[in-house]
Amino acid sequence: MGWIGETIQSFKSIKIRKALSQAISFGLIISSALMIWKGLICWTGSASPVVVVLTGSMEPGFARGDILFLHMNKDPIRTGEIVVYNIEGRDIPIVHRVIKVHETKDTGEVYFLTKGDNNEYDDIPLYAENQLWLQRQHLMGKAIGFLPYVGYATIIMTDMPIIKYILIGVLGLLVLTSND
């Protein structure tokens, strides 16, 4: 009958109570993950408390695939801090270092300029058209810690979506055919 036939037979043999139990367990796992994520958002003050470094622009400090932990508070932006910012029209946040801070005396607004440690020039070409500085509203957070290379899993799944679908399929089959 083969592996596929045995898998179909195992699906048929699952009792309603077991299927319901598995569905509830799956729902609890998903809701727990969402609660942890929302808790991190509240605790860090950042809309995205964890980001993956996608390029080598911050080497040697941060390499491609490093996971950064972000925190957003009311403290002033200082030269030398590593920030993650998002520009309108761009989907991917950028991780770079603040190289210059400018505060206007009349309004007190703070503007800052960024640059990747491994880049030759500042980030003005990356900003929106006719934008020369970033403001606090562009920030997603300041880097407070990192895990080296752990983010490569997300990079691989983004670069090769077939791996993501295979992984989801295998995990789904494991859940459905488990005997617990």
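Because the structure is a prediction, the values reported are computed rather than measured.
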Discussion item. Any non-hydrogen side-chain atom of E81 less than 4.5 Å from a side-chain atom of K142?
Written reply: yes

Discussion item. Do R136 and M72 have side chains that approach each other closer than 4.5 Å (heavy atoms only, starting at C-beta)?
Written reply: yes

Fill in: Enclosure of Q137 CD (heavy-atom neighbours >12, cutoff 6.0 Å)
yes

Worksheet, complete the sentence: For residues 144-163, the ring-ring contact (aromatic ring centres under 6.0 Å, His included) pairs (sequence neighbours left out) are F62-F146

Worksheet item: Could you give the distance from OG (S46) to CE (M140), rounded to the nearest 0.5 Å?
Response: 5.5 Å

Practice prompt. Run the numbers on T114 and K100 for side chain to side chain contact (heavy atoms under 4.5 Å, CB included), then give the verdict.
Written response: CA-CA 7 Å; T114 57; K100 196 179 288 184; over 6 Å; no

Worksheet item: Around I92, counting heavy atoms of other residues, nucleotides and ligands shown, do more than 12 lie under 6.0 Å from its CD1?
Response: no

Item to complete: Please confirm whether the backbone N or O of G151 pairs with a side-chain atom of T154, one donor and one acceptor, at under 3.5 Å?
Response: yes

Worksheet item: Is there a chain of hydrophobic side chains (I, L, V, M, F, W, Y, each step under 4.5 Å between heavy atoms) that links V84 to I82?
Response: yes

Worksheet item: Same hydrophobic cluster for I36 and L34, using side-chain heavy-atom links shorter than 4.5 Å among ILVMFWY?
Response: no

Response to the item:
So CG of L171 and CD1 of I168: to nearest 0.5 Å the spacing works out to 8.0 Å

Worksheet item: Do you reckon I162 sits in the same ILVMFWY cluster as V170, going by side-chain contacts under 4.5 Å, direct or chained?
Response: yes

Worksheet item: Roughly how far, to the nearest 0.5 Å, is CG of D123 from CD1 of I99?
Response: 7.5 Å

Discussion item. Is it the case that the side chain of D159 and the backbone of I156 share a donor-acceptor pair, with hydrogens and angles ignored and the cut-off at 3.5 Å?
Written reply: no

Fill in: Check: G56 main-chain N/O paired with N118 side-chain donor or acceptor under 3.5 Å
yes

Worksheet entry | I67 side chain near V51 side chain, heavy-atom distance below 4.5 Å | no

Worksheet item: Could you state the interatomic distance from SG (C42) to CH2 (W37), rounded to the nearest 0.5 Å?
Response: 12.0 Å

Worksheet item: Taking a hydrophobic cluster as the set of Ile, Leu, Val, Met, Phe, Trp and Tyr residues connected by side-chain heavy atoms closer than 4.5 Å, whether directly or through intermediates, do Y127 and Y121 fall within one such cluster?
Response: no

Discussion item. Please say yes or no: joined through hydrophobic side-chain contacts below 4.5 Å, possibly via intermediate residues, are V150 and V50 part of one cluster?
Written reply: yes

Worksheet entry | Candidate pair D117 and R97, rule salt bridge (charged side-chain N to carboxylate O under 4.0 Å, His left out), full reasoning | CA-CA 7 Å; D117 290 354; R97 188 178 304 276; 2.8 Å; yes

Worksheet item: With a 4.5 Å heavy-atom cut-off, do W133 and H102 have their side chains touching?
Response: yes

Worksheet item: What are the two closest heavy atoms between V101 and I77, and how far apart are they?
Response: CG2-O, 3.7 Å

Worksheet item: Heavy atoms, side chains only, cut-off 4.5 Å: are L134 and I87 in contact?
Response: yes

Discussion item. So, using side chain to side chain donor-acceptor pair (under 3.5 Å) as the criterion, who are the partners of Y111 when residues are at least two apart?
Written reply: E109

Worksheet entry | Heavy-atom check, side chain of F69 versus side chain of L40, under 4.5 Å | no

Item to complete: Return the minimal non-hydrogen interatomic distance between M58 and G116, and the atom names on each side.
Response: SD-CA, 3.8 Å

Worksheet item: So which of K115, H96, R64 actually passes side chain to side chain donor-acceptor pair (under 3.5 Å) with S57?
Response: H96

Fill in: Derivation and outcome, side chain to side chain contact (heavy atoms under 4.5 Å, CB included), residues L70 and T44
CA-CA 7 Å; L70 306 181; T44 63; 6.0 Å; no

Fill in: Residue pair V52 / I155, side-chain heavy-atom distance below 4.5 Å
yes

Worksheet item: What are the two closest heavy atoms between I41 and P49, and how far apart are they?
Response: CG1-CD, 3.8 Å

Discussion item. Main chain of L126, side chain of R90: is a donor-acceptor contact present, judged purely on distance under 3.5 Å?
Written reply: yes

Worksheet entry | Check: I124 main-chain N/O paired with D122 side-chain donor or acceptor under 3.5 Å | yes

Practice prompt. Determine whether H138 and N86 make a side-chain contact, defined as any pair of heavy atoms from C-beta on separated by less than 4.5 Å.
Written response: no

